[in-house]
A.B. asks: 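Just dropping this structure here.
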Amino acid sequence: MNEIFLSAQTPTCHVQYSMHIVDTTVLSLNKYQDSSKLNDCCKSGCQNYGRKWSCPPFAPQYEDFVRNYKNIKVILLKAELSQFSYIKNDYLKIKAANTILKSRIDKTLRYFKNLDTNYISTGSCRLCKKCKRKENLPCAHPEFMSYSFESLGINVCKLTEELFDTELLWYSKNNLPLYTCVVAGLLSNNEFSSEKIVDVIKEYH
């Protein structure tokens, strides 16, 4: 599917972003699995490791999570950070952009979830303000908990480069990237139009 350009209206600004969808099979993404490396990265560099049920070491392997599905629509949302010049702090520019992108893709993915459709979200599960794992309690909503590609052991950097010809850029001090991206997946066994996804996300402008 060709790149689609969308917009989001917030209380403080009007943001332009793009959406690209690639239709493929769940098996085709097996080549991006690198669970051992990603688990080590999470363990050494992420504060959510072992503190959220949606994150390693509790997250399932990709092949286990997708085993009941044949098809996946991989979705990339991308926003140029120059639009956030009104925010002085560079890190907050990325945070604002990611909040806009993640909120819209999450709502869109949840719209399609049913007995025949599931999804892979962006980042750790944000369903609960405080994950029950921090209190050593079972997940409060296991039927709605979401996982990211990274938590399932998929190397998203390689995935986006090969599927979208897009390099993931990272923030570092005094180095604001040109853009930020979020990547998600919609799992299904039935065929449905990618245009339907575009129609749904437009409702959350």
Side-chain angles (χ1 to χ4, degrees), residues 1 3 17-79 94 97-113 117-127 131 139 142 144-171 177 179-189 194 197 201:
M1 182 179 185
E3 191 172 25
Y17 66 98
S18 62
M19 180 181 196
H20 200 127
I21 302 173
V22 170
D23 283 284
T24 187
T25 64
V26 296
L27 292 179
S28 71
L29 301 191
N30 283 340
K31 63 180 179 179
Y32 300 113
Q33 289 189 85
D34 199 351
S35 299
S36 179
K37 180 180 178 180
L38 290 173
N39 189 74
D40 289 343
C41 289
C42 289
K43 188 174 182 178
S44 62
C46 182
Q47 63 180 1
N48 289 328
Y49 182 87
R51 303 184 69 203
K52 282 196 170 187
W53 287 118
S54 63
C55 295
F58 309 114
Q61 294 295 297
Y62 171 78
E63 62 266 29
D64 293 328
F65 185 72
V66 304
R67 69 169 62 253
N68 294 323
Y69 302 95
K70 295 186 297 185
N71 308 312
I72 183 169
K73 293 180 183 293
V74 186
I75 305 165
L76 174 79
L77 300 187
K78 176 182 175 183
I94 296 179
N98 282 337
T99 297
I100 291 170
L101 299 182
K102 289 180 178 182
S103 66
R104 278 153 182 79
I105 195 60
D106 279 353
K107 291 175 182 176
T108 300
L109 294 170
R110 285 197 293 267
Y111 174 90
F112 288 99
K113 182 176 172 63
T117 307
N118 203 352
Y119 64 87
I120 298 171
S121 190
T122 63
S124 61
C125 182
R126 296 177 290 277
L127 189 61
C131 182
C139 174
F144 298 115
M145 180 169 56
S146 61
Y147 300 98
S148 67
F149 275 114
E150 295 93 334
S151 71
L152 298 174
I154 295 293
N155 187 323
V156 180
C157 291
K158 289 184 179 180
L159 182 150
T160 56
E161 287 176 2
E162 294 190 13
L163 293 188
F164 303 104
D165 194 25
T166 298
E167 179 185 1
L168 292 185
L169 303 181
W170 307 100
Y171 167 80
Y179 57 81
T180 187
C181 301
V182 299
V183 184
L186 191 59
L187 300 159
S188 69
N189 289 312
S194 293
I197 300 175
I201 201 169

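Quantities reported herein were computed from a predicted structural model and do not represent experimental measurements. Numbers here simply count residues along the sequence, with the first being 1.
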A.B. asks: To check you understand the geometry: which heavy-atom pair defines the closest contact between Leu163 and Val22, and what is its length?
C.D. replies: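 Here Leu163 and Val22 meet closest at O-CG2, 3.7 Å.
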A.B. asks: Closest approach of Leu152 and Pro60, non-hydrogen atoms and distance?
C.D. replies: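 Closest heavy-atom pair between Leu152 and Pro60: CD2-O, 3.3 Å.
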A.B. asks: Determine whether a donor-acceptor pair (N or O, by modelled atom type, separation under 3.5 Å) exists between the side chain of Ser54 and the backbone of Ser124.
C.D. replies: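 The answer is no, because no donor-acceptor pair under 3.5 Å joins these two groups.
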A.B. asks: Quick one: does Thr166's side chain get under 4.5 Å of Leu76's, heavy atoms only?
C.D. replies: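 Yes, close enough: below the 4.5 Å cut-off.
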A.B. asks: Locate the shortest heavy-atom distance separating Gly185 from Leu109; write the atom from each residue and the value.
C.D. replies: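 Smallest interatomic distance, heavy atoms only, reads O-CD2, 4.0 Å.
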A.B. asks: Does any non-hydrogen side-chain atom of Ile94 lie less than 4.5 Å from one of Pro177?
C.D. replies: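 The answer is yes, as the side chains (C-beta and beyond) meet within the 4.5 Å cut-off.
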A.B. asks: Looking at CD1 of Ile154 and CG of Leu159, how far apart are the two atoms once the value is rounded to the nearest 0.5 Å?
C.D. replies: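 It comes to 7.0 Å.
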A.B. asks: Give a yes or no on whether the backbone of Lys70 and the side-chain of Asn189 come within a donor-acceptor separation of less than 3.5 Å.
C.D. replies: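 Flag set: sc Asn189 to bb Lys70 pair under 3.5 Å.
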A.B. asks: Which atoms form the tightest heavy-atom contact between Asp23 and Ser194, and what is the distance?
C.D. replies: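 Scanning both residues, the minimum pair turns out to be OD2-OG, 3.2 Å.
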A.B. asks: Report, as yes or no, whether the 6.0 Å neighbourhood of atom OH on Tyr111 holds more than 12 heavy atoms from other residues, nucleotides or ligands.
C.D. replies: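 Not buried by this count: 12 neighbours or fewer within 6.0 Å.
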A.B. asks: Atom OG of Ser148 and atom NZ of Lys102: how far apart are they, to the nearest 0.5 Å?
C.D. replies: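 It is 9.0 Å, given to the nearest 0.5 Å.
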A.B. asks: List in chain and number order the residues that pass side-chain contact (heavy atoms from CB on, under 4.5 Å) with Asn71, two or more places apart in sequence or in another chain; answer none if no residue qualifies.
C.D. replies: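 In terms of side-chain contact (heavy atoms from CB on, under 4.5 Å), with neighbours along the sequence ignored, Asn71 is linked to Ser188, Glu191.
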A.B. asks: Run the salt bridge (charged side-chain N to carboxylate O under 4.0 Å, His left out) test against Glu167 and tell me which residues pass, sequence neighbours left out.
C.D. replies: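 Not a single residue meets the salt bridge (charged side-chain N to carboxylate O under 4.0 Å, His left out) criterion with Glu167.
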A.B. asks: Any idea which heavy atoms bring Tyr119 and Phe144 closest together, and the distance?
C.D. replies: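 Looking at all heavy atoms of both residues, the shortest contact is OH-O, 4.2 Å.
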A.B. asks: Which residues pass the side-chain contact (heavy atoms from CB on, under 4.5 Å) test with Thr25, not counting sequence neighbours?
C.D. replies: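 For Thr25, the residues satisfying side-chain contact (heavy atoms from CB on, under 4.5 Å) (neighbours in sequence not counted) are Leu27, Ser28.
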A.B. asks: Testing the basics here: between Cys181 and Asn98, what is the closest heavy-atom pair and its distance to 0.1 Å?
C.D. replies: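 For Cys181 and Asn98, the tightest heavy-atom pair comes out as O-OD1, 4.3 Å.
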A.B. asks: Can you tell me which residue pairs pass the ring-ring contact (aromatic ring centres under 6.0 Å, His included) test with a partner in residues 145-168, sequence neighbours excluded?
C.D. replies: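 Of all non-adjacent pairs touching residues 145-168, those that pass ring-ring contact (aromatic ring centres under 6.0 Å, His included) are His20-Phe164, Phe65-Tyr147.
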A.B. asks: With Lys158, which residues qualify under side-chain hydrogen bond (donor to acceptor under 3.5 Å, both in side chains), at least two apart?
C.D. replies: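 Counting only residues at least two positions away or on another chain, Lys158 forms no side-chain hydrogen bond (donor to acceptor under 3.5 Å, both in side chains).
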A.B. asks: Apply the side-chain contact (heavy atoms from CB on, under 4.5 Å) test between Leu187 and each candidate in Val26, Thr117, Asn68; give the one that qualifies.
C.D. replies: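 Of Val26, Thr117, Asn68, side-chain contact (heavy atoms from CB on, under 4.5 Å) with Leu187 is met by Val26 alone.
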A.B. asks: Can any side-chain N or O of Lys52 pair as donor or acceptor with the backbone N or O of Cys125 at less than 3.5 Å?
C.D. replies: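 A pair under 3.5 Å: yes.
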A.B. asks: Distance check, rounded to the nearest 0.5 Å: Thr180 atom OG1 versus Tyr17 atom OH?
C.D. replies: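 Here the interatomic distance stands at 14.0 Å.
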A.B. asks: How long is the straight-line distance from CD1 of Ile21 back to CG of Leu77, given to the nearest 0.5 Å?
C.D. replies: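 Result: 8.5 Å between the selected atoms.
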A.B. asks: Check whether any side-chain heavy atom of Ser146 lies under 4.5 Å from a side-chain heavy atom of Leu127, and answer yes or no.
C.D. replies: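 No, every pair of side-chain atoms sits at 4.5 Å or beyond.
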A.B. asks: Do Val74 and Leu29 touch side chain to side chain, with heavy atoms closer than 4.5 Å?
C.D. replies: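 Counting from C-beta outward, Val74 and Leu29 do come under 4.5 Å.
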A.B. asks: Calculate, to the nearest 0.5 Å, the distance between atoms CD1 and CD1 belonging to Ile72 and Ile120 respectively.
C.D. replies: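 Here the rounded value is 4.0 Å.
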A.B. asks: Anything under 3.5 Å between a donor and an acceptor, one on a side chain of residues 33-40, the other on a protein residue two or more places apart or in another chain? List them.
C.D. replies:
| residue | atom | partner | partner atom | Å |
| --- | --- | --- | --- | --- |
| Gln33 | NE2 | Asn30 | OD1 | 3.3 |
| Gln33 | NE2 | Glu63 | OE1 | 3.4 |
| Ser35 | OG | Gln61 | OE1 | 2.6 |

A.B. asks: In terms of heavy-atom contacts, does OH of Tyr171 have more than 12 from other residues, nucleotides or ligands at under 6.0 Å?
C.D. replies: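 Check passes, neighbour count above 12.
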A.B. asks: For a salt bridge (charged side-chain N to carboxylate O under 4.0 Å, His left out) check, start with the C-alpha distance between Glu162 and Lys31, then their side-chain angles and the critical distance, and finish with the verdict.
C.D. replies: CA-CA 11 Å; Glu162 294 190 13; Lys31 63 180 179 179; 3.5 Å; yes
A.B. asks: Report the distance from atom OG1 of Thr122 to atom CD1 of Ile105, rounding to the nearest 0.5 Å.
C.D. replies: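 Result: 8.0 Å between the selected atoms.
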